[in-house]
K.L.:
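Before I ask anything, let me first share the structure, which is written out below as structure tokens.
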There are 2 protein chains.
Amino acid sequence: MARTHGSRAEITGPLIRDAARRLFARHGFAAVSMRQIAAEVGVQAGTLYSYTADKQALLADLLRSHMEELLAAWQDDPSRPALDRLRAFLRFHIQTSLERPEAVFLSYMELRNLTAENRAQIAALRRRYEDALEAILIAGLAEGTMAMPDTRLATMALIAMLTGVTNWYREGGRLDQDRVVAVYWDLVRGAVGA
Amino acid sequence: MARTHGSRAEITGPLIRDAARRLFARHGFAAVSMRQIAAEVGVQAGTLYSYTADKQALLADLLRSHMEELLAAWQDDPSRPALDRLRAFLRFHIQTSLERPEAVFLSYMELRNLTAENRAQIAALRRRYEDALEAILIAGLAEGTMAMPDTRLATMALIAMLTGVTNWYREGGRLDQDRVVAVYWDLVRGAVGA
DNA sequence: GTCTATATAAAGATAGAC
DNA sequence: GTCTATCTTTATATAGAC
């Protein structure tokens, strides 16, 4: 596994991030050692410190880039009917959650291991993501196509429900992804009073 | 803090469990040392091993007793209308989740740190709890007072949604517990097609 | 039942050679 | 850019005294 003095910076960085994401998600941040990450990549432990200031910064980078990718990928069109937008959000959220279950899991679980500064930064990104959903619910109320007593609570409830898919979904299991989206859409549509 | 040779076994056991629950929930299982737990209780680290075989068994005890208390406390009455039973389940789940947020959090997060045997045991208990909810949904379908495409997915979706309350609820925040139950009841009732 | 002391292993991080 | 070697700290767990 271990190479001797081979240099390939362009790929080592991403490999470190991939290994860290996988290991942190599987065992928990504190349970994973820098040596384990290094072994997974095929470098020595000391090498990791050419790519990250410390272990915590490595986690922070993973969470920040995940949230930024999520925000960049979500394309909303406020001119469309709110129910269509909600349907699109649901599909987007389930799809990305199932594509990157490890990053999703980390983003909801390992905030506590960040410095206060990094934690605040990630929390702000997450808040923007939640606001994207709430905007749709507010539009639905204004249109009269949805009904609910509290858009903020509904936002939190829906995100928790959708993200929960990662807890039980198994590739090749009883239901494929489209079917999951369809079933959840029935539940969500009912929940928002449509 | 540290006493010298004082003996009080009746209370030290529960204190260890309380401290471990709090610390594991706050920092993560792997991030907490036996020394930290001991310091919180006011004993020396070695003393903990009079109460648990090892660190992992301490976690397993916490999760097992939490699930067992939950199952013992939930009183269902299958002769009542399914919607009433669902309402009662919702209130029970939100109430206990907010009363014991640390145990709830651990039960969903730290299964990965158990031995395979302990993990299977806890998973079976959790499954029984999920089945208690699904039984209500199945009854609702049979009654014709609910409608949903998949009772198993609906079960997982509802539990994720309700448990998510612990992620954002703050004592003394914008909403008191009864109000939260009322808002979620609106969402749940819609989701199950009532 | 609890303490003190310790065996043994592994952690995060850094320095300097190649 | 990566490796080797190492400093320093901390961890789990156990043995035996009180």
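Please read all numbers here as calculations on a predicted model, not as lab measurements. Chain letters run A, B, ... following the sequence lines, proteins first, then strands; residues in each count from 1.
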K.L.:
Considering only side-chain heavy atoms of B/T12, which listed nucleotide, D/dA13, C/dT2, C/dA13, is closest?
P.N.:
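Among D/dA13, C/dT2, C/dA13, the one nearest the side chain of B/T12 is C/dT2.
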
K.L.:
In whole angstrom, what separates A/L48's CG from C/dT14's C1'?
P.N.:
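It works out to 13 Å between those atoms.
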
K.L.:
Kindly say whether the aromatic ring centers of B/Y129 and B/H93 come within a distance under 6.0 Å.
P.N.:
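Judged by ring-centre distance (under 6.0 Å), B/Y129 and B/H93 do meet the cut-off.
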
K.L.:
Output yes when a side-chain donor or acceptor of A/E130 lies under 3.5 Å from a complementary backbone atom of A/T155, and no otherwise.
P.N.:
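No.
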
K.L.:
Which residue, A/V32 or B/T47, contacts DNA chain C at a nucleotide closer to its 5' end, judged by nearest heavy atom?
P.N.:
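Closer to the 5' end of DNA chain C: B/T47.
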
K.L.:
If you check the B/Y51 side chain, which of D/dT6, C/dG1, D/dG1 turns out closest?
P.N.:
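So the side chain of B/Y51 is nearest to C/dG1.
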
K.L.:
Using heavy-atom distances to pick each residue's nearest nucleotide on DNA chain C, tell me which of A/G46 and A/A31 is more 5'.
P.N.:
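Taking each residue's closest nucleotide, the earlier one in sequence belongs to A/A31.
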
K.L.:
Quick one: which of D/dC3, D/dA13, C/dG12 gets closest to the side chain of A/Q44?
P.N.:
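Nearest to the side-chain atoms of A/Q44, counting from C-beta on, is D/dC3.
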
K.L.:
Touch check for A/S33, heavy atoms < 4.0 angstrom, all strands: base, sugar-phosphate only, or nothing?
P.N.:
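Sugar-phosphate contact only.
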
K.L.:
In whole angstrom, what separates A/L58's CG from C/dG12's C1'?
P.N.:
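Distance, rounded to whole Å: 13 Å.
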
K.L.:
Counting only side-chain heavy atoms from C-beta out, which of D/dT6, D/dT2, D/dA13 sits nearest to B/Y49?
P.N.:
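Selected nucleotide (nearest to the side chain): D/dA13.
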
K.L.:
Rounded to whole angstroms, how far apart are CD1 on B/I11 and P on C/dT2?
P.N.:
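After rounding, the reported distance stands at 9 Å.
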
K.L.:
Verify side-chain contact (heavy atoms from CB on, under 4.5 Å) between B/R128 and B/W74, making sure each step is shown before the conclusion.
P.N.:
CA-CA 11 Å; B/R128 277 180 51 201; B/W74 168 238; over 6 Å; no

K.L.:
If you only use heavy atoms from C-beta on, which nucleotide in C/dG12, D/dA13, D/dT2 is closest to the side chain of B/K55?
P.N.:
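The listed nucleotide nearest to B/K55's side chain is D/dA13.
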
K.L.:
Among A/R26, A/H27, A/R21, which one satisfies side chain to side chain contact (heavy atoms under 4.5 Å, CB included) with A/L23?
P.N.:
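That would be A/H27; it is the only one of A/R26, A/H27, A/R21 passing the side chain to side chain contact (heavy atoms under 4.5 Å, CB included) with A/L23.
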
K.L.:
Just how far, in rounded Å, is C1' of D/dT2 from CE of A/M34?
P.N.:
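Checked: the CE to C1' distance equals 15 Å.
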
K.L.:
Round to the nearest Å and state the distance from A/I16 atom CD1 to D/dT2 atom P.
P.N.:
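Distance, rounded to whole Å: 7 Å.
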
K.L.:
Quick one: A/R35 CZ to D/dC3 C1', roughly how many Å, whole number?
P.N.:
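Whole-Å distance recorded here is 14 Å.
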
K.L.:
Go through C/dT2, D/dA13, C/dG12 for me and flag the one nearest to the B/D54 side chain.
P.N.:
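Output: D/dA13.
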
K.L.:
Decide, yes or no, whether a salt bridge links B/D77 with B/R85 under the criterion of side-chain N to carboxylate O below 4.0 Å.
P.N.:
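The answer is no: the pair does not qualify as a salt bridge.
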
